[in-house]
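Note sheet for the following structure.
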Amino acid sequence: MAKKPSIPKGTRDFSPTEIAKRDYIFEIVKKHFRTFGFQPIETPAFENSETLMGKYGDEGDRLIFKILNSGDFMSKVDDATYGSKNSSALTSKISEKALRYDLTVPFARYVVMHQNEIEFPFKRYQIQPVWRADRPQKGRFREFYQCDADVVGANSLLQEVELIQLYDAVFADLKLEGVTIKLNNRKILAGIAEIIGAQNNLVNFTVALDKLDKIGVEGVKKEMLAKGMSEQAIAKARPLFELSGTNAEQLNTLDNLLSDSGEGSKGVEELRFIINTIDDLGLQSAKLEIDVTLARGLNYYTGAILEVAAPEGVDMGSIGGGGRYDDLTGIFGLKDVSGVGISFGLDRIYLVLEELGLFPETLDKTLDVLCINFGEKESMAALKLVTLLRYKGVKADVYPSKAKMQKQMKYANNRNIPYVILIGENEMNHKTFVVKDMASGEQKSYGLAQIQDFIKTL
RNA sequence: GUGGUUGUAGCUCAGCUGGUUAGAGCGCUGGAUUGUGGUUCCAGAGGUCGCCGGUUCGAACCCGGUCUUCCACCCCA
């Protein structure tokens, strides 16, 4: 007997209703990408392994889906490698391709490969699925979409400012109120590490700091001690744990704390410029907040670090993130091209909009009109009418078979079709059609020549 | 990758310490209603209890494995 079919862990099917909602988000995101001057590109679902491996840290490498070579790949593995039971050594022999893990690294590869065709500064957007061999959780999938907008070849901090405006424009358009855009700068993190003498321990220091709101001051201290930082160093970093007040107050605190660090001071200066400029320009609905504990993407971010938090009260991790990377294309041999970009977490935004009931109701109206099928002759008349309606852009259909009226009406009802048209023997004889408004139950008769009058009511 | 959790009708879930033919609501099908859905009433169909194995006279229930769901780590959209 046929086994029950299934799909892999962490993947999903999308129903028509879900697609309508996802498209709603995609269209709004795309619209604003375009109004900010970004152009779309696409890259392959899979890349050469060497393009991806080593770009996301050890953890990232583990989460990359590898694709087996075609053909009799095991016969080409030498006995020593085979016998060693070393997964990574074996993997490189039997797998040369891997599924896209994010959109940023393939974009860097794209820029390097097409550098002679690209007009710099280049603003590109890209909306495609990515794959991670992660363990699924709520809002975490093994296949999910990223919507990225990046600018390469522009060093100006105005890019950061624009990207914050772009976030604000999209979330305002989605009617998602209360979103917080958190802003940090890697130079500040590096400066602090320098001041407290932990510059060689930057990653451990920031990873611990990142957990502040989760495990508290004591938890962070404990983790820093465990990672080899001294009591004095941690005491010096103490002002960070208690950083509070307005953005301006926090900037002043940081300025004092980092006055002895050239890099740190530069970070504060950059942060201040972005905050002040946004203050000047104003945001529609999002809040912009400094968050020095923000420490994502340290493998490549060199300047600004951005993260978007869902509105308070919604239990969802970040719904977007981004930052400045001065040398991403350097790994592919193109030096001194700065990039800065942001990403929208479509699947999470979907869950947040769903939870808050923010999808427009009109989304599941996939048909404006359904014609009841009364039989062979009548359905021909209905099809003629439907054809005219379709010419006018009205979403219309004829029920395909002469089923019971009850069944056809029920179908229209379940599909949320607002109008049902009836053309039976009577109507054919009088050259009319009857329109039933499904919400009110009212019926109105029109002459076949007066379609226009009906269309006006839609 | 580590630790835990979940799986019973199309959907949401009951099912007592292991004891006959596994239940409900919603949905579905038919009828009340041969030109009228959404409300109401009546009737009906639908289940290898995730899968494989074990214990037992007897397993949805206990044990082992596996897949899946969700959660906490890790990391991250």
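Per chain, numbering begins at 1; letters A, B, ... match sequence-line order.
When heavy atoms are screened at a 4.0 angstrom cut-off, A:E143 is found touching no nucleic acid atom at all. A:S343 comes within contact range of no nucleotide atom at all, as no heavy-atom separation falls under 4.0 Å. Here A:F141 lies in heavy-atom contact (under 4.0 Å) with a base. Residue A:D102 is classed as having no contact, given no heavy-atom separation below 4.0 Å to the nucleic acid. Counting non-hydrogen atoms under 4.0 angstrom, A:G322 reaches nothing in the nucleic acid.
Summary of the strand contacts: A:E59 and A:M405 both lie near RNA chain B, and taking for each the nucleotide with the nearest heavy atom, the more 5' one is attributed to A:M405. In terms of position along RNA chain B, the nucleotide closest to A:R62 lies nearer the 5' end than the nucleotide closest to the other residue of the pair A:R62 and A:G139.
The only member of A:L212, A:L254, A:D210 that meets side chain to side chain contact (heavy atoms under 4.5 Å, CB included) when paired with A:V292 is A:L254. The only member of A:R12, A:R142, A:K21 that meets salt bridge (Lys or Arg N to Asp or Glu O under 4.0 Å) when paired with A:D347 is A:R12.
Applying the 4.0 Å criterion to OP1 and OP2 of B:U29, one finds that A:K407 has a side-chain N or O inside that range. Under 4.0 angstrom from either OP1 or OP2 of B:G27 there lies no side-chain N or O belonging to A:N414. Within the 4.0 Å cut-off from OP1 or OP2 of B:U36, not a single side-chain nitrogen or oxygen of A:Q408 is found.
Across B:C75 and B:G19, the matching C1' atoms stand 50 Å from one another, rounded to whole Å. Distance check on atom P: B:G10 versus B:C71 gives 26 Å, rounded to whole Å. For B:C70 and B:A32, the C1' atoms lie 46 Å apart once the distance is rounded to whole Å. A gap of 36 Å separates the P atoms of B:U20 and B:U40, to the nearest Å. To the nearest whole angstrom, the two C1' atoms, one in B:G44 and one in B:G27, are 14 Å apart. One C1' atom belongs to B:U69, the other to B:G7, and the distance between them is 8 Å to the nearest Å. Comparing the C1' positions of B:C49 and B:A43 gives a spacing of 27 Å, expressed to the nearest Å. To the nearest whole angstrom, the two P atoms, one in B:U8 and one in B:A60, are 15 Å apart.
For residues 434-448 of chain A, proximity to RNA chain B is found at A:K436, A:M438, A:A439, A:G441, A:Q443, defined as any non-hydrogen atom under 4.0 angstrom from a strand atom.
Contact record, A:Y145 with A:I127: CD2-CG2, 4.2 Å, taken as the closest heavy-atom pair. Of all non-hydrogen atoms in A:P8 and A:T11, the two that sit nearest each other are O-OG1, 2.6 Å.
Across the protein-nucleic acid pair, A:K66 atom NZ and B:G1 atom C1' stand 12 Å apart, rounded to whole Å. Between A:K410 atom NZ and B:G31 atom C1' there is a gap of 12 Å when expressed in whole angstrom units. The nearest whole Å value for the distance from the CD atom in A:Q406 to the P atom in B:C41 is 16 Å. Rounded to whole Å, the distance from CD1 on A:I181 to C1' on B:A77 is 16 Å. Atom CZ in A:R132 sits about 17 Å away from atom P in B:C74, given to the nearest Å. Rounding to whole angstrom units, CG of residue A:D61 and P of B:G1 are separated by 15 Å. Across the protein-nucleic acid pair, A:N413 atom CG and B:G38 atom P stand 6 Å apart, rounded to whole Å. Atom CD of A:Q146 is separated from atom C1' of B:A77 by 6 Å (rounded to the nearest Å).
For A:Q137, whose side chain is taken as the heavy atoms from C-beta onward, the closest listed nucleotide among B:G35, B:C75, B:A72 is B:A72. Nearest nucleotide to the side chain of A:L422, out of B:G35, B:A77, B:C73: B:G35. Distance from the side chain of A:R135 is smallest to B:G3 among B:U68, B:G3, B:C76.
Of the nucleotides present, none pairs with B:G46 by Watson-Crick or G-U wobble criteria with both distances under 3.5 Å. Remark: B:A24 base-pairs with B:U12. Criterion, Watson-Crick or G-U wobble with two distances under 3.5 Å. Partner assigned to B:C62 is B:G54, using Watson-Crick or G-U wobble distances below 3.5 angstrom.
Ring planes of A:F171 and A:F344: tilted class, angle from 30 to 60°.
Stacking between A:F144 and B:A77 is shown: the ring centroid lies under 5.5 Å from the centre of the six-membered base ring, and the planes differ by under 30°.
Between the side chains of A:S343 and A:D148, a donor-acceptor pair is found at a separation under 3.5 Å. Counted by atom type alone, A:R324 and A:S338 present one or more donor-acceptor pairs between their side chains at under 3.5 Å.
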Exercise. Could you please spell out the steps behind the side chain to side chain donor-acceptor pair (under 3.5 Å) verdict for A:Y325 and A:D150?
Key: CA-CA 10 Å; A:Y325 36 90; A:D150 291 78; 2.3 Å; yes
Self-check item: Verdict with reasoning, A:N204 to A:N201, per side chain to side chain donor-acceptor pair (under 3.5 Å)
Solution: CA-CA 6 Å; A:N204 283 333; A:N201 220 344; 2.9 Å; yes
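Side-chain to base pairing of A:R140 with B:C75: one donor and one acceptor N or O lie within less than 3.5 Å of each other.
A cation-pi arrangement is present between A:R132 and A:Y101, with the terminal nitrogen or guanidinium carbon under 6.0 Å from the aromatic centre and inside a 45° cone about the axis.
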